[in-house]
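Quick note: numbers below take in every heavy atom, side chains included, and nothing from hydrogens, waters or symmetry partners. Each ligand, and each atom within it, is numbered from 1 in the order the structure gives.
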Amino acid sequence: MADTDTKTEVSEAQIAVHWKEEEYYYPSEKFVAQANMNDPSVIERFAPDNFPDCFREYADMLEWFEPYHTVLDTSNAPFWKWFVGGKLNASYNCVDRHLDNYADKAAYIFVPEPENEEIIHLTYEQLYARVNEVAALLRGLGLKAGDRVTFHLPMTPELPITMLACARLGVIHSQVFGGFSGQACGTRIQDSGSRVLVTMDAYWRNGSLIDHKVNADIAVQTAQEMGQDVDRVLIWQRYPGKYSSPTPLVQGRDVIMNDLLKDYAGQRVEPEPMDAEAPLFLMYTSGTTGKPKGIQHRTGGYLAYVTATSKWIQDIHPTDVYWCMADIGWITGHSYIVYGPLSCAATGVIYEGVPTFPDAGRPWRIAEKLGVNIFHTAPTSIRMLRKLGPDEPSKYNYHFKAMTTVGEPIEPEAWRWYYDVVGKGQAIITDTWWQTETGGFLCCTLPALQPMKPGSAGPGLPGIYPVILDENGDEVPQGSGRAGNLCIRNPWPGEMQTIWGDPQRYIDTYYRRYNRDNASKDWRDWPYMAGDGAMQAEDGYFRILGRIDDVINVAGHRLGTKEIESACLTVPEVAEAAVVPVADEMKGRVPVVYIALKPGIEPSDDIVRRVVKANEELIGKIARPKFVYIVPDMPKTRSGKIMRRVLASISNKREVGDVTTLANPGVVEEIRVMVQGQEKQVEAGEMPEDIAKFGQVE
Ligand code: WTA
């Protein structure tokens, strides 16, 4: 720990440009030659003059039961309608239409967490049969188009199978991340008005077979207390034929899916021709208030958007083996494990467990064994795998052609390890910026046409026209070195339709801020505000600075916490870094840094000094952390995100709240003692608004 407080002055422009522009990396000729999108005319085809008709090209990638008559209808702005009049079915597009060519090819390869358990290949033919049987079962329970069904499923093939079965009927699915608590699931059941919950008895995580059914009982009770009754809990068995949970079934309510399915063996269900605008699913995401938002996605526009971006950005061919390590319980899994890749006839890997179980070589063993050639993960996993096994990838004989990163800004340091070590210098990287609300990628390089730049997501995708707006709604010019609010000028087919049950919140959150005329039917008057700070370099590439509420305002100047963390990570001993804002009398807010070291490295004052120096050198004295704490581990959610809010509470001397849902709750008290001493220090009064909200968006 070191007190490094000094008074400094620096202009906002200096801060914004501190993260120096990195060199370009170019794709290999070999990659370009085989890429799905290597025709430079795409940029012109999707130029603003061709909007919105350019998106016909996306719709053409799908099979429609009835053609649409209008590409974009803006008459009820900002509730845009896409491909109006068209009818299609997502399940048909993801499964049935591939049977002619790919019936015997694996749609999914399921890798259980226990390494001695058999890997399961599920062909398109088998997927078709299973989706149909589950659809028949759901129909048998009386479910029909427009009904909502909540899932609380772990990472096994039953999750996409049940999603596709719902889509076949036009039933709206709402998958709650399996790692969320029963209560969290219950509040989402209530909000969506689901009368059916689909869950699984148990699943493997980090070496234990976890009882998951127990969460269903809590979820149903929570929903009921909030006024929503659940009639049926459908329970998949992790091991078919065997109930793996110690929690008893509730008679009359709970049904074992695997048993009930026997009544539907061999049944087929015609895919329901759904309106392009019919909702396909809900995905709850946290906002600035405590109540999660049910982000509602449409069928036609969404499916067209994720299909095209899976093809052009992820470069998925039916011959590829594609592995996205995200959980299907998040938007990344919906768009880029289920709907996009299946629509492209991909072979996808579904891995049940923790990437580092039983050791940090696991992902690379899986890649070698299954011949994975497209890999997709988040910076947090990249950092973790780097921390625990920096040399592991080189021990395995796999070859990626393409890799994706998503979810957070990736520091150039981690980017280079991903490129050099994981990708072995052969794979392109796409840094894809997007959100639950956007359905699919919005900013990213076209991998065969635009060079990569570490730390930058890239320009807008074809047909996406991003802009940075300042406080007054004025455009921040490209290359100015100034940061602002990242907005999208135009609607796009993958965009959410609304917030379930709360259309006003949709307008208020994303459109109110920069709307020029609330009676306007012209999309040009309705820029979409993403809620992220960003800056645009001379070359048009966007660098994402993080959520607006992840920005620390130091002496009136904004600092992206990711920038400070990136600087910390340039110190070779540092494995992970997290920065939190701390109230400071002199400067308003100051950054406090928490770091975790690589294995086997002892904490020392020298490391602290070098972390401080790295910040001074890479950013400026203004970013000098007030304190640097070397912690044994970061408090993390079970999905691996660092809980900066917990660290901010400790540093701001406030109660940390309930930490029992963390992956490592024990470390919180250790850190508290390190920061506050044995005696607990809790200051009176509420935490300042910006700090209280800090990190909540995660
Ligand atoms: C952040 C995840 C930097 C951003 C798909 C956004 C990113 C939030 C990137 C959405 C990226 C996502 N670089 N930041 N490539 N991708 N983000 O809804 O702050 O879970 O607003 O969707 O993640 O998170 P969400």
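Contact atoms of ligand 1 toward Asp431: 11 (C), 13 (N), 15 (N) (distance under 4.0 Å to a heavy atom of the residue). Using a 4.0 Å cut-off to heavy atoms of Val406, the atoms of ligand 1 that qualify are 5 (C). Within the listing of ligand 1, atoms 3 (C), 13 (N), 14 (N) sit less than 4.0 angstrom from a heavy atom of Ile544.
Heavy-atom distances between Trp434 and ligand 1 reach below 4.0 Å in at least one pair. The closest approach between any non-hydrogen atom of Gly407 and ligand 1 is below 4.0 Å.
Between Thr404 and Thr432, the side chains place no donor N or O within less than 3.5 Å of an acceptor N or O (distance only, hydrogens not considered). With no hydrogens or angles considered, no side-chain donor-acceptor pair links Thr436 and Tyr284 at under 3.5 Å. For the 3.5 Å distance criterion, the side chains of Tyr24 and Asp539 qualify, holding a donor opposite an acceptor. Counting only N and O atoms by type, the side chains of Ser335 and Tyr302 include a donor and acceptor under 3.5 Å apart.
The shortest N or O to N or O distance between Gln435 and ligand 1 is under 3.5 Å. Residue Thr432 places at least one N or O, backbone or side chain, under 3.5 Å from an N or O of ligand 1. The N/O atoms of Asp532, backbone and side chain alike, include one that comes under 3.5 Å of an N/O atom in ligand 1. Of the polar atoms of Thr436, at least one N or O is found under 3.5 Å from an N or O of ligand 1, judged by distance alone.
Closest approach of Ile295 to Tyr510, counting heavy atoms only: CD1-OH, 3.9 Å. Between Gly439 and Val306, the closest heavy-atom pair is O-CG1, 3.5 Å.
Using the six-membered ring where Trp is involved, His152 and His212 have ring planes that are tilted, between 30° and 60° apart.
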